[in-house]
Number of protein chains: 2
Amino acid sequence: MDGAPALRILVVEDDPELAAFIAAGLDRAGHAVVLAGSGEEADGLADARDFDAVILDRMLPGMTGLDLLRQWRGQGRRTPVLLLTALDGIDDRVEGLDAGADDHVGKPFAINELLARLHAIVRRTQAPEAAARIEQGGLVLDLLRRQLRYKGRLVALQPREMRLLEELMRQSGEAVTRAMLLERVWGFTFDPQTSIVETHMSRLRTKLADSGVPVAIEAVRNVGYRLVLHE
Amino acid sequence: MDGAPALRILVVEDDPELAAFIAAGLDRAGHAVVLAGSGEEADGLADARDFDAVILDRMLPGMTGLDLLRQWRGQGRRTPVLLLTALDGIDDRVEGLDAGADDHVGKPFAINELLARLHAIVRRTQAPEAAARIEQGGLVLDLLRRQLRYKGRLVALQPREMRLLEELMRQSGEAVTRAMLLERVWGFTFDPQTSIVETHMSRLRTKLADSGVPVAIEAVRNVGYRLVLHE
DNA sequence: TCATACCGTAACAGATCCGTCATGACCGGC
DNA sequence: GCCGGTCATGACGGATCTGTTACGGTATGA
């Protein structure tokens, strides 16, 4: 199942091995890949062609990924950028987001992780801005009131469960990585090595089922979870 | 101090005594008042002139306030309406809001209660719609993220304190009634006869002060509270 | 088929949040 | 100036929310 449409992706990575690994993964997911080995090359390519997203290594010979990113953002280029970073401190993360990155993945990473985050940023940047509510098949998540309704009826969720569902709904039909959930729902940039996600997911499932909400939260082995609406 | 500008108010009330009481209160607050004793009369007046808000008794001889309100809303008339209701059950409240009322006050009421609610609905309907953040002098309340920042620094608040501050900020400079707070923050339509508001207000004040936020939450005796920004 | 890692869930414990109460200060009216 | 009501605040106890652990089930790959 390829819920996501084919994308044109520019991969900026000087390590040939890593570049090939990424290209293979993207290709398998049905995306068109263009490789660049340096910031200068990437800049030229981005001028000449239009990409749906850019996967950009933070460390590059010569012009670094951050330099390039800042330059692009300075020029008003809005293409979503997924930053690859070897360093994995909090400061790097902030610095990357400050420079205008839409998300980041710390090396080493699983290809699924990268794909999920890539799809997420493309979807996010293409979606109309900052909705205060998410609606899907009778399910209404009001982010301002922090209320979930199904067919008008309130479904009581705890704050964590609400956040969890929010992330699943933003990405409905596609897998959301365990790491993405930890990062966005808990603010963890590491794996706590407990079943915290599974536990809350279990509670969420129970409450949704008890309220008769026709959705399934599927586990995607070794990746994370996916929300599926029943027809 | 009249932070609010003078308003043109239509009061639809068949009881002459109550009408006079309301008119006197509005007049003292600097507003222009027009009285109508029946729904039919009110309808004619609303056609002929433009009002900033309408205070509408739910019970009227002949055409009830709800009938009139529904008719107006059906015609696309958007003037904010404050409903006066003798009955005070939950159903009436819902029914009133369903009919298109912006707020309601149960009889008997203090004139301050009515004024505060009146100003609130006028301000709300004139303000640009449904902001996801409220900013005021370096204070930023992000309603989606449920975060309060002062000069970029996070100020940790509990959910209830956040809601409380939200109501105060929406109405900055003007008094917010104790009843309004109970209704909007707690969902209470009655007074619990405890110092629940005072307690949370105290906690909120402490946290704001500890973070150096230059605002004062002033108690307005017999009315409620008011948020004041220090210059 | 078996071993292993992954996932699901119940049970427990701690932290946090919240409402109540008691006490004391303050304010306003008489 | 006194009295009564209003408001402020600290302390306490309970409810809720949350994270961990443990154990059982299930899928996957050798």
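Here is the naming used below: chain letters follow the sequence lines, and residue numbers restart at 1 for every chain.
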CD of B:Glu198 versus C1' of C:dT20: gap in Å, rounded? 12 Å
Side chain to side chain contact (heavy atoms under 4.5 Å, CB included) for A:Leu84 and A:Glu13? Distances and angles first, verdict last. CA-CA 9 Å; A:Leu84 300 185; A:Glu13 172 58 60; 3.8 Å; yes
Round to a whole Å and report the spacing from CG of B:Asn222 to P of D:dA8. 12 Å
Without swapping roles, check the side chain of A:Arg205 against the backbone of A:Ile217 for a donor-acceptor pair under 3.5 Å. yes
Give me, pair by pair, the N or O atoms of the protein and of nucleotides 21-26 of chain D that are less than 3.5 Å apart, along with how far apart they are.
unit_1, atom_1, unit_2, atom_2, d
D:dT21, O4, A:Ser195, OG, 3.2

Protein-nucleotide distance (A:Trp186, atom CH2; D:dC17, atom P), rounded to Å: 15 Å
Run the side chain to side chain contact (heavy atoms under 4.5 Å, CB included) check on A:Leu165 and A:Leu157 step by step: do they pass? CA-CA 10 Å; A:Leu165 181 62; A:Leu157 294 184; 4.0 Å; yes
Does a side-chain N or O of B:Tyr225 approach OP1 or OP2 of D:dA8 to a distance below 4.0 Å, or not? yes
What I want to check is whether an N or O donor and acceptor connect the side chain of A:Arg203 with the base of D:dG19 at under 3.5 Å. yes
Rounding to a whole Å, what distance do you find between B:Gln158:CD and C:dA15:P? 16 Å
Within the structure, does a side-chain N or O atom of A:Ser202 lie under 4.0 Å from either OP1 or OP2 of C:dG8? no
Any A:His200 side-chain nitrogen or oxygen under 4.0 Å from OP1 or OP2 of D:dT18: no
